[in-house]
Amino acid sequence: DAGVIQSPRHEVTEMGQEVTLRCKPISGHNSLFWYRQTMMRGLELLIYFNNNVPIDDSGMPEDRFSAKMPNASFSTLKIQPSEPRDSAVYFCAISGHPNYGYTFGSGTRLTVV
Amino acid sequence: AQSVTQLDSHVSVSEGTPVLLRCNYSSSYSPSLFWYVQHPNKGLQLLLKYTSAATLVKGINGFEAEFKKSETSFHLTKPSAHMSDAAEYFCVGAGNTGKLIFGQGTTLQVKP
(Lines give C-alpha, C1' and ligand atoms only; values in the text may rest on other atoms or scores of the structure.)
Protein backbone atom coordinates (compact mmCIF):
# COMPACT_ATOMS: atom_id res chain seq x y z
CA ASP A 1 0.00 0.00 0.00
CA ALA A 2 2.98 2.33 0.03
CA GLY A 3 1.95 3.67 -3.37
CA VAL A 4 -1.11 5.46 -1.97
CA ILE A 5 -1.07 7.32 1.32
CA GLN A 6 -4.36 8.14 2.96
CA SER A 7 -4.93 10.36 5.94
CA PRO A 8 -6.15 10.28 8.54
CA ARG A 9 -6.24 6.54 9.26
CA HIS A 10 -9.10 7.03 11.69
CA GLU A 11 -11.54 9.89 12.09
CA VAL A 12 -14.26 10.27 14.67
CA THR A 13 -16.49 13.28 14.29
CA GLU A 14 -19.82 14.56 15.44
CA MET A 15 -22.84 14.66 13.19
CA GLY A 16 -23.02 17.90 11.26
CA GLN A 17 -19.29 18.49 11.16
CA GLU A 18 -17.27 18.75 7.98
CA VAL A 19 -14.91 15.86 7.25
CA THR A 20 -12.05 15.90 4.76
CA LEU A 21 -10.30 12.72 3.71
CA ARG A 22 -6.98 12.94 1.90
CA CYS A 23 -5.19 10.81 -0.63
CA LYS A 24 -1.64 11.17 -1.90
CA PRO A 25 -0.84 8.81 -4.76
CA ILE A 26 2.52 8.05 -6.25
CA SER A 27 3.20 9.39 -9.72
CA GLY A 28 2.78 7.41 -12.90
CA HIS A 29 -0.91 6.69 -12.68
CA ASN A 30 -3.69 7.94 -14.90
CA SER A 31 -6.71 7.29 -12.76
CA LEU A 32 -7.72 7.77 -9.14
CA PHE A 33 -10.73 6.22 -7.46
CA TRP A 34 -12.59 6.79 -4.20
CA TYR A 35 -14.40 3.80 -2.73
CA ARG A 36 -16.55 3.37 0.35
CA GLN A 37 -16.81 0.06 2.17
CA THR A 38 -19.52 -0.93 4.64
CA MET A 39 -20.75 -4.24 5.95
CA MET A 40 -24.16 -3.69 4.42
CA ARG A 41 -23.20 -2.56 0.94
CA GLY A 42 -19.66 -3.82 0.48
CA LEU A 43 -17.37 -1.80 -1.77
CA GLU A 44 -18.99 1.10 -3.60
CA LEU A 45 -17.29 3.28 -6.17
CA LEU A 46 -17.99 6.89 -5.31
CA ILE A 47 -16.08 8.79 -7.98
CA TYR A 48 -13.10 8.45 -10.22
CA PHE A 49 -10.72 10.82 -11.93
CA ASN A 50 -8.76 10.35 -15.12
CA ASN A 51 -5.80 12.67 -15.60
CA ASN A 52 -7.13 14.74 -12.67
CA VAL A 53 -10.53 15.25 -14.32
CA PRO A 54 -13.67 13.78 -12.70
CA ILE A 55 -15.08 11.21 -15.11
CA ASP A 56 -17.88 9.51 -13.23
CA ASP A 57 -19.36 10.75 -9.97
CA SER A 58 -22.59 8.81 -10.21
CA GLY A 59 -21.67 6.88 -7.08
CA MET A 60 -21.49 9.97 -4.90
CA PRO A 61 -24.46 9.47 -2.59
CA GLU A 62 -25.58 13.05 -2.09
CA ASP A 63 -24.62 16.66 -2.56
CA ARG A 64 -23.04 16.49 0.86
CA PHE A 65 -20.19 14.60 -0.77
CA SER A 66 -17.63 16.32 -2.97
CA ALA A 67 -14.22 15.34 -4.32
CA LYS A 68 -11.37 17.26 -5.85
CA MET A 69 -8.10 16.44 -7.50
CA PRO A 70 -6.15 19.67 -7.92
CA ASN A 71 -3.06 17.83 -9.17
CA ALA A 72 -1.78 14.35 -9.87
CA SER A 73 -0.38 13.98 -6.36
CA PHE A 74 -3.35 14.91 -4.23
CA SER A 75 -7.06 14.31 -3.91
CA THR A 76 -9.66 15.04 -1.26
CA LEU A 77 -13.07 13.68 -0.43
CA LYS A 78 -15.20 16.02 1.63
CA ILE A 79 -18.43 15.37 3.47
CA GLN A 80 -20.35 18.40 4.67
CA PRO A 81 -22.35 18.04 6.82
CA SER A 82 -21.53 14.53 7.97
CA GLU A 83 -24.18 12.08 9.17
CA PRO A 84 -23.94 8.80 11.15
CA ARG A 85 -24.82 6.79 8.02
CA ASP A 86 -21.61 8.06 6.44
CA SER A 87 -19.63 5.90 8.85
CA ALA A 88 -17.53 3.56 6.72
CA VAL A 89 -14.02 2.86 5.53
CA TYR A 90 -13.08 5.07 2.62
CA PHE A 91 -10.42 3.83 0.22
CA CYS A 92 -8.44 5.68 -2.37
CA ALA A 93 -7.00 3.66 -5.26
CA ILE A 94 -4.90 4.42 -8.32
CA SER A 95 -4.38 2.75 -11.64
CA GLY A 96 -2.06 3.26 -14.57
CA HIS A 97 -4.29 1.13 -16.75
CA PRO A 98 -7.35 -0.95 -15.82
CA ASN A 99 -5.64 -4.12 -17.10
CA TYR A 100 -3.06 -3.78 -14.35
CA GLY A 101 -5.54 -3.48 -11.51
CA TYR A 102 -5.53 -0.94 -8.74
CA THR A 103 -3.21 -0.06 -5.92
CA PHE A 104 -5.23 0.68 -2.82
CA GLY A 105 -4.43 2.87 0.12
CA SER A 106 -4.92 1.57 3.65
CA GLY A 107 -8.16 3.45 3.99
CA THR A 108 -9.67 5.95 6.38
CA ARG A 109 -12.09 4.58 8.95
CA LEU A 110 -14.71 7.27 9.51
CA THR A 111 -17.07 7.19 12.45
CA VAL A 112 -19.76 9.84 12.69
CA VAL A 113 -21.48 9.96 16.07
CA ALA B 1 -22.36 -5.51 -19.76
CA GLN B 2 -19.68 -7.07 -17.63
CA SER B 3 -20.32 -8.69 -14.28
CA VAL B 4 -18.40 -10.70 -11.71
CA THR B 5 -20.07 -13.22 -9.43
CA GLN B 6 -18.47 -14.92 -6.46
CA LEU B 7 -20.43 -18.06 -5.84
CA ASP B 8 -19.77 -18.40 -2.11
CA SER B 9 -20.11 -15.67 0.47
CA HIS B 10 -18.35 -17.76 3.09
CA VAL B 11 -15.89 -20.66 2.85
CA SER B 12 -14.51 -22.59 5.81
CA VAL B 13 -11.53 -24.95 5.58
CA SER B 14 -9.18 -26.64 7.99
CA GLU B 15 -5.57 -25.61 8.16
CA GLY B 16 -3.50 -27.65 5.73
CA THR B 17 -6.40 -28.50 3.41
CA PRO B 18 -6.97 -27.05 -0.08
CA VAL B 19 -8.73 -23.77 -0.69
CA LEU B 20 -11.15 -23.13 -3.55
CA LEU B 21 -12.84 -19.76 -3.96
CA ARG B 22 -15.13 -19.63 -6.96
CA CYS B 23 -15.64 -16.76 -9.37
CA ASN B 24 -17.60 -16.52 -12.60
CA TYR B 25 -17.59 -13.60 -14.94
CA SER B 26 -19.57 -12.43 -17.89
CA SER B 27 -18.07 -10.25 -20.55
CA SER B 28 -18.56 -9.57 -24.20
CA TYR B 29 -14.81 -9.44 -24.67
CA SER B 30 -11.74 -11.09 -23.20
CA PRO B 31 -11.48 -9.56 -19.77
CA SER B 32 -8.69 -8.74 -17.37
CA LEU B 33 -9.38 -10.45 -14.07
CA PHE B 34 -7.89 -10.10 -10.60
CA TRP B 35 -8.08 -11.49 -7.13
CA TYR B 36 -7.63 -9.18 -4.17
CA VAL B 37 -7.34 -10.06 -0.51
CA GLN B 38 -8.38 -7.91 2.42
CA HIS B 39 -7.29 -8.82 5.91
CA PRO B 40 -9.28 -7.43 8.84
CA ASN B 41 -8.92 -3.68 9.19
CA LYS B 42 -6.53 -3.54 6.25
CA GLY B 43 -6.64 -2.28 2.68
CA LEU B 44 -6.99 -4.44 -0.41
CA GLN B 45 -3.91 -6.23 -1.68
CA LEU B 46 -3.52 -7.62 -5.19
CA LEU B 47 -3.04 -11.41 -5.11
CA LEU B 48 -2.79 -12.08 -8.82
CA LYS B 49 -3.99 -10.91 -12.21
CA TYR B 50 -4.90 -12.40 -15.56
CA THR B 51 -4.37 -10.27 -18.65
CA SER B 52 -4.76 -12.73 -21.56
CA ALA B 53 -1.29 -14.26 -21.30
CA ALA B 54 -1.00 -17.66 -19.55
CA THR B 55 -4.35 -19.00 -18.40
CA LEU B 56 -2.86 -20.33 -15.16
CA VAL B 57 -1.77 -17.41 -13.06
CA LYS B 58 0.42 -17.71 -9.99
CA GLY B 59 0.14 -15.12 -7.27
CA ILE B 60 1.59 -14.35 -3.89
CA ASN B 61 1.41 -16.58 -0.82
CA GLY B 62 0.97 -19.77 -2.85
CA PHE B 63 -2.32 -18.79 -4.47
CA GLU B 64 -3.09 -19.38 -8.11
CA ALA B 65 -6.06 -19.02 -10.41
CA GLU B 66 -6.98 -20.50 -13.76
CA PHE B 67 -8.85 -18.62 -16.43
CA LYS B 68 -11.30 -20.95 -18.20
CA LYS B 69 -13.04 -19.22 -21.04
CA SER B 70 -15.32 -22.16 -21.77
CA GLU B 71 -16.64 -22.05 -18.22
CA THR B 72 -16.33 -18.25 -17.81
CA SER B 73 -14.59 -18.95 -14.52
CA PHE B 74 -11.56 -17.66 -12.67
CA HIS B 75 -11.43 -19.72 -9.49
CA LEU B 76 -8.77 -19.08 -6.84
CA THR B 77 -6.97 -22.05 -5.31
CA LYS B 78 -4.26 -22.87 -2.83
CA PRO B 79 -3.04 -26.40 -2.09
CA SER B 80 -2.75 -25.97 1.67
CA ALA B 81 -4.47 -23.33 3.77
CA HIS B 82 -2.64 -21.44 6.47
CA MET B 83 -4.20 -19.64 9.40
CA SER B 84 -2.90 -16.36 8.01
CA ASP B 85 -5.01 -16.87 4.86
CA ALA B 86 -8.18 -16.05 6.79
CA ALA B 87 -9.48 -12.89 5.12
CA GLU B 88 -11.98 -11.49 2.63
CA TYR B 89 -11.26 -12.26 -1.01
CA PHE B 90 -12.55 -10.29 -3.96
CA CYS B 91 -12.72 -11.39 -7.58
CA VAL B 92 -12.52 -8.34 -9.82
CA GLY B 93 -12.91 -7.67 -13.52
CA ALA B 94 -11.58 -4.74 -15.52
CA GLY B 95 -14.26 -3.03 -17.54
CA ASN B 96 -13.55 -1.18 -20.74
CA THR B 97 -14.56 2.09 -19.12
CA GLY B 98 -11.54 2.22 -16.83
CA LYS B 99 -13.44 1.02 -13.78
CA LEU B 100 -12.94 -2.25 -11.94
CA ILE B 101 -16.00 -4.40 -11.27
CA PHE B 102 -15.92 -6.13 -7.89
CA GLY B 103 -17.53 -9.38 -6.90
CA GLN B 104 -19.43 -9.50 -3.66
CA GLY B 105 -16.53 -10.98 -1.73
CA THR B 106 -15.89 -14.35 -0.07
CA THR B 107 -14.91 -14.65 3.56
CA LEU B 108 -12.37 -17.42 4.08
CA GLN B 109 -12.28 -18.98 7.52
CA VAL B 110 -9.38 -21.28 8.39
CA LYS B 111 -9.89 -23.60 11.32
CA PRO B 112 -7.00 -25.04 13.31
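In what follows, every chain begins at residue 1, and chains take the letters A, B, ... in the order their sequences are listed. For clarity, every value in this text was computed on a predicted model and none was experimentally measured.
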**Student:** Nearest 0.5 Å please: distance from the OH atom of A:Y35 over to the CZ atom of B:F102.
**Tutor:** 4.5 Å
**Student:** Report whether A:I55 and A:F33 are members of the same hydrophobic cluster (ILVMFWY, side-chain heavy atoms less than 4.5 Å apart, transitive linking).
**Tutor:** yes
**Student:** Given heavy-atom pairs under 4.5 angstrom as the criterion, report whether the side chain, backbone, both or neither of A:D56 touches chain B.
**Tutor:** side chain
**Student:** Given that the side chain runs from C-beta out, which part of B:Q38 has a heavy atom under 4.5 Å from chain A: side chain, backbone, both or neither?
**Tutor:** side chain
**Student:** Pick one: which of B:L44, B:L100, B:L46 meets side chain to side chain contact (heavy atoms under 4.5 Å, CB included) with A:Y102?
**Tutor:** B:L100
**Student:** Taking a hydrophobic cluster as the set of Ile, Leu, Val, Met, Phe, Trp and Tyr residues connected by side-chain heavy atoms closer than 4.5 Å, whether directly or through intermediates, do B:I60 and B:L20 fall within one such cluster?
**Tutor:** no
**Student:** Check whether A:V19 and A:V113 end up in the same hydrophobic cluster, where Ile, Leu, Val, Met, Phe, Trp and Tyr are linked by side-chain heavy atoms less than 4.5 Å apart.
**Tutor:** no
**Student:** Treating Ile, Leu, Val, Met, Phe, Trp and Tyr as nodes and any side-chain heavy-atom pair under 4.5 angstrom as an edge, say whether B:V11 and B:M83 lie in one connected cluster.
**Tutor:** yes
**Student:** Can you give me the closest heavy-atom contact between A:Q37 and B:F90, atom names plus distance?
**Tutor:** NE2-CZ, 3.8 Å
**Student:** In Å, rounded to the nearest 0.5 Å, how long is the span from CG of A:L43 to CD of B:Q104?
**Tutor:** 11.5 Å
**Student:** Could you see if B:V13 belongs to whatever hydrophobic cluster contains B:V37? Use Ile, Leu, Val, Met, Phe, Trp, Tyr and a side-chain cutoff under 4.5 Å.
**Tutor:** yes
